[in-house]
Number of protein chains: 2
Amino acid sequence: MIDDTDIQILECLVEDARHSYTDIAEVVDLSPPAVSDRIDRLRESGVIRRFTVELDRSQLRDGVHVLVTLSASTSAVDSVYSAVCDASSVEHTFMTADNTVIFSTRVRGDRIRAAIDDIVNFSRVDSYDVSIIDTAKWSPTIGGTEFALSCDECGNTVTDEGRSEQIGDNQRHFCCSSCLHRFRERYNRIEDDVDAPEKTTIGSDDDSWSL
Amino acid sequence: MIDDTDIQILECLVEDARHSYTDIAEVVDLSPPAVSDRIDRLRESGVIRRFTVELDRSQLRDGVHVLVTLSASTSAVDSVYSAVCDASSVEHTFMTADNTVIFSTRVRGDRIRAAIDDIVNFSRVDSYDVSIIDTAKWSPTIGGTEFALSCDECGNTVTDEGRSEQIGDNQRHFCCSSCLHRFRERYNRIEDDVDAPEKTTIGSDDDSWSL
DNA sequence: AATGAAAGGATTAAGCC
DNA sequence: GGCTTAATCCTTTCATT
């Protein structure tokens, strides 16, 4: 799936999406076509949504930037959320686990209420609150816990306490030593099977995995 | 300053920052070097903050996405805000006009409180609230009131009620008909001056303008 | 802002492990 | 399957008008 090299590539692109494949290739120690292939795969799999540009909208004189918080009933919240997403003037959108939709938008200072009503019909909303945004920032920076690998055994996030080891041809990542040992055990059994190819059932229940 | 062509270029880049200058040049009807020059200018002036990539972070299994709302005293809010901005795990950041800082971040589910304390020391904060984000979106799309032009006469934002007209060689934009007429009047006076070049003082007070 | 030449980067295909 | 190398083609840049 996604490996360390992919993450390095993503880091480069987040920093500057116009970095040349040649530059990236040097950083990750691959050839330019290999980088190109990987980026294509990341695009197709949807990890990369799009290449875009971050603008300083305040320089474009585009109205007052407001943050709108609204709550809706469980039945209405999905349609409210998609209405917000579809509105072209909306920039940031969040839906929290408790049916609150939060979004930022630019509106002309003299018709804030009307603009919000345009975006999401007030009749569908239980309550709402508007605050004026003083400054806002979007940082796609990669760092800290942001880009975690998934455990090759159980799928959980790999944290600082995780383990990483070369098994067979690949560098593998695990969330804990148990998963590492479990994976290695299975790997060795497979290896044995290759030597003596009587098919045996490996593992139990619905555990699924692949090398 | 920024004209229609710049806005068209920005639209292209927002849609796909890897569009080639040649492609953009065709859309906006200029030569590739001209597009390159304009993009350089937009970068230098800070309108374009950076080229980046939009990622589907949910595919990277990177912890729980939470929205943190905190309020601080007027004296502390700036340092709290900059601490939040500097934190590498923080993605979206807002500061509202009433000293509320709102940000989204990814944290491991079992240490949300500790993670937030790392980002912004709790001692500097009056109160805070955390909600789990179900879905989030960032749409740099251009549309609606987002990209407003500034009036070529008074500098105000040009809205739907504005006027647009070809004067001389350029398409000009105005926030209202008064500005259009005022501009056209001056333009004609300049034209007359060119025919009969005795220099006269144009306009009054500190009004400044350029063709 | 356009042109044309030179440099630099992307993409393709063939071949390797 | 994923990688590299080398050739081709396209894009960007720079000097000039």
Side-chain angles (χ1 to χ4, degrees), chain A residues 1-48 50-53 149-150 152 164-173 183 187 190-191 193-194 208-211, chain B residues 1-45 47-48 50-53 59-60 149 152 166-173 210-211:
Chain A
M1 260 214 69
I2 291 178
D3 62 14
D4 309 303
T5 310
D6 287 324
I7 288 176
Q8 269 185 287
I9 292 174
L10 291 174
E11 281 171 350
C12 289
L13 289 175
V14 162
E15 193 196 306
D16 184 352
R18 287 195 86 107
H19 267 148
S20 70
Y21 293 165
T22 315
D23 285 352
I24 300 172
E26 236 168 66
V27 173
V28 304
D29 210 31
L30 284 176
S31 66
V35 171
S36 171
D37 284 353
R38 276 168 180 267
I39 290 175
D40 286 348
R41 270 197 290 110
L42 289 166
R43 268 188 123 149
E44 270 156 34
S45 68
V47 173
I48 293 177
R50 65 162 146 190
F51 293 89
T52 190
V53 28
L149 295 165
S150 52
D152 280 315
S164 190
E165 203 163 310
Q166 173 103 17
I167 299 183
D169 292 334
N170 299 303
Q171 186 74 25
R172 298 286 175 182
H173 306 279
F183 185 95
Y187 182 84
I190 285 280
E191 289 270 281
D193 285 353
V194 172
S208 70
W209 64 294
S210 65
L211 291 174
Chain B
M1 260 215 70
I2 291 178
D3 62 12
D4 309 305
T5 310
D6 288 323
I7 288 176
Q8 270 186 287
I9 291 172
L10 290 174
E11 281 170 350
C12 288
L13 290 176
V14 163
E15 192 196 305
D16 184 352
R18 288 195 85 106
H19 269 147
S20 73
Y21 294 164
T22 315
D23 286 352
I24 299 172
E26 236 168 66
V27 173
V28 304
D29 211 31
L30 284 176
S31 67
V35 171
S36 170
D37 285 352
R38 277 167 180 268
I39 291 175
D40 285 348
R41 269 198 291 110
L42 289 166
R43 268 187 122 150
E44 270 155 34
S45 69
V47 173
I48 293 177
R50 67 160 148 191
F51 293 90
T52 190
V53 358
Q59 291 201 34
L60 296 164
L149 295 165
D152 280 315
Q166 173 102 17
I167 298 183
D169 291 334
N170 299 302
Q171 187 74 24
R172 298 286 173 184
H173 307 280
S210 65
L211 291 173

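A note on names: the letters A, B, ... follow the listed sequences, proteins ahead of strands, and every chain is numbered from 1.
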Do [X] and [Y] touch side chain to side chain, with heavy atoms closer than 4.5 Å?
X: Ile39(A); Y: Leu13(A); result: yes
X: Asp37(A); Y: Arg41(A); result: no
X: Leu30(B); Y: Arg38(B); result: yes
X: Ile48(A); Y: Leu10(A); result: yes

Anything under 3.5 Å between a protein N or O and an N or O of nucleotides 8-10 of chain C, put it in a table, one pair a line.
residue, atom, partner, partner atom, Å
dA10(C), OP1, Tyr21(A), N, 3.0
dA10(C), OP2, Tyr21(A), N, 2.9
dA10(C), OP2, Thr22(A), N, 3.1
dA10(C), OP2, Thr22(A), OG1, 3.1

Which is the 5'-most and which the 3'-most nucleotide of DNA chain D that has an atom under 4.0 Å from a heavy atom of chain B?
->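 For DNA chain D, the relevant span reads dT11(D) to dC14(D).
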
Taking all atoms of both residues into account, what is the closest heavy-atom pair of Thr52(A) and Ala17(B), and its distance?
->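 Closest heavy-atom pair between Thr52(A) and Ala17(B): O-CB, 3.3 Å.
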
Locate the shortest heavy-atom distance separating Val35(A) from Ile24(A); write the atom from each residue and the value.
->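 Val35(A) and Ile24(A) have their closest heavy atoms at CG1-CG2, 3.8 Å.
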
Do you know which of Arg50(A), Arg18(A), Arg43(A) makes salt bridge (Lys or Arg N to Asp or Glu O under 4.0 Å) with Asp16(B)?
->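 For Asp16(B), the salt bridge (Lys or Arg N to Asp or Glu O under 4.0 Å) test succeeds with only one of Arg50(A), Arg18(A), Arg43(A), which is Arg43(A).
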
